[in-house]
Amino acid sequence: MESKDLFYKQQNIFETISEDEKKASDAYCEDYMAYLQVSKTEREAVREAIKLAEKEGFVEFKKGMSLKAGDKVYKNVYGKALYLAVIGKQPLVSGMNIAGAHVDSPRLDLKQLPVYEDSELALLKTHYYGGIRKYQWVATPLALHGTAVLADGSVIDVAIGEDDGEPKFVITDLLPHLARNQRKKSLDEAFTGEDLNVLIGSEFDNDAEKGEKVKTRILKILFEKYGIIEEDFLSAEFEIVPAAKVTDIGFDRSLIGGYGHDDRVCAFAELKAILEETAPEKTAFCILVDKEEVGSEGVSGMKSMAFEYFVSNLFEACGETKDLEECFANSFCISADVTAAYDPNFPDVFEKRNAAKANYGVGIAKFTGSGGKSGSNDASAEVVGKIRRMFRDYGVVWQMAELGKVDQGGGGTIAKIMANRNIPTIDAGVPVLSMHAPFEVVSKLDCYMTYKAMKALYAEK
Ligand code: MN
Ligand code: MN
């Protein structure tokens, strides 16, 4: 063996990619960007995924259905999570190839009584969701998306601030001229959760009976346009999200900027891969799940029994004796979630030898967690070995991805939740710059390689 072959060399995809594959990558990313633009909330991400799935022949699963190899079904989990399956040639008991991504992203939720007036301006109180850096949400255009259940039980969906010509919203920031005290504070103290109040209007309603003329004007508009009264906010889920559009980044257009790459960039990779599946050997299973950013709790989160329930339903529909334990033990799962890309602006927090880099392919995180790998499933050598073989055979460019330096912080994904079900699981996803910011950046080639990784998974025998 030559000495150069003794070394492991990471590969920038640009060094080797063919013209044809570059074209395929650009085409794939165009589809992804279109998906991301209309998927700013978990509900929208699910709705859009269903639309795309139905176009490819997927049907909503109903109890009592009977299914055979090649059949394509989906299960809508409370409108906030989605499972898709293409039934394999082998029985379910021999296991499934599962890819799991999440479709919720960090944001500002409206409080249950959000509307108020202060100093003749109308504002909304918010409660942040997931890990945000609060200073990033001020002085930037915002949109309001969400769902309200009205007193008569009817449900309305709103999305305001996306289309050209629609009004947007903003959280005001302090002018530098008066920030002498604020700038001496730490970031955590300078920007608190209760400061993230969204400006929504200033016009008077002169017929208002009591003093709140601006709030009255806003409530009248809400009623006229959407049929909402203040009490309806109690049974609503409204989310404040960045109004920025998904766009190419860079003179060479090699990157994508947008809100919510974490984790819709992996969700779309899985989705696209399963939509193209026809007759897999093992059942292909795609999870788009909610609540990952807040610990995967609740009925629409990955800890939910909704997963077991649906797999049980599939056993019944396939005419197989239900054996979830055996099915899980024989399954394999990629927890498709983003990782941090090495950022030359912040070299101190990364360990360069083990950090993922943009354009080096899908990032495999053997473990997540923090401190001494606390809270991580830490995939086994055997599992990583399987990934190595799988990706090599399918031409997937990939890299190892450690989130940051030891003891710098940490994070978690749904990997451990799947692994706790006795499903061998590993994290794989797109490296992201500015992760969790209102505007995140990914490399197009990494997006494409993540999609290829999902295809490789579903092709596993
Ligand atoms: Mn994530
Ligand atoms: Mn995240």
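Keep in mind that this is a model prediction, so the values were computed, not measured. Numbering starts at 1 and runs along the sequence shown. Just follow the structure's listing: the first ligand is 1, and inside any ligand the first atom is 1.
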Next on the checklist: Under the salt bridge (charged side-chain N to carboxylate O under 4.0 Å, His left out) definition, can you give me all pairs with a residue in residues 439-455, not counting sequence neighbours?
Outcome noted: Glu21-Lys452, Asp248-Lys444, Glu276-Lys455

Which atom pairs, one a donor and one an acceptor, fall under 3.5 Å between side chains of residues 130-141 and the rest of the protein, sequence neighbours left out?
{"unit_1": "Arg133", "atom_1": "NH1", "unit_2": "Tyr135", "atom_2": "OH", "d": "3.3"}

Checklist entry - Which residues and atoms, protein N, O or S only, are under 2.8 Å from the Mn ion (ligand 1)? => result His102 NE2, Asp262 OD1, Asp337 OD1, Asp337 OD2

Next on the checklist: Counting only heavy atoms not in Lys416 (residues, nucleotides, ligands), do more than 12 fall under 6.0 Å from its NZ?
Outcome noted: no

Next on the checklist: Please identify which of these residues, Ile417, Asn420, Val289, meets the side-chain contact (heavy atoms from CB on, under 4.5 Å) condition with Lys303.
Outcome noted: Ile417

Next on the checklist: Surrounding CZ of Phe14 (heavy atoms of other residues, nucleotides or ligands, distance under 6.0 Å), is the total greater than 12?
Outcome noted: yes

Checklist outcome for this item: Residues pairing under ring-ring contact (aromatic ring centres under 6.0 Å, His included) where one sits in residues 31-52, two or more places apart or in two chains, turn out to be Tyr32-His261, Tyr32-Phe268, Tyr35-Phe268

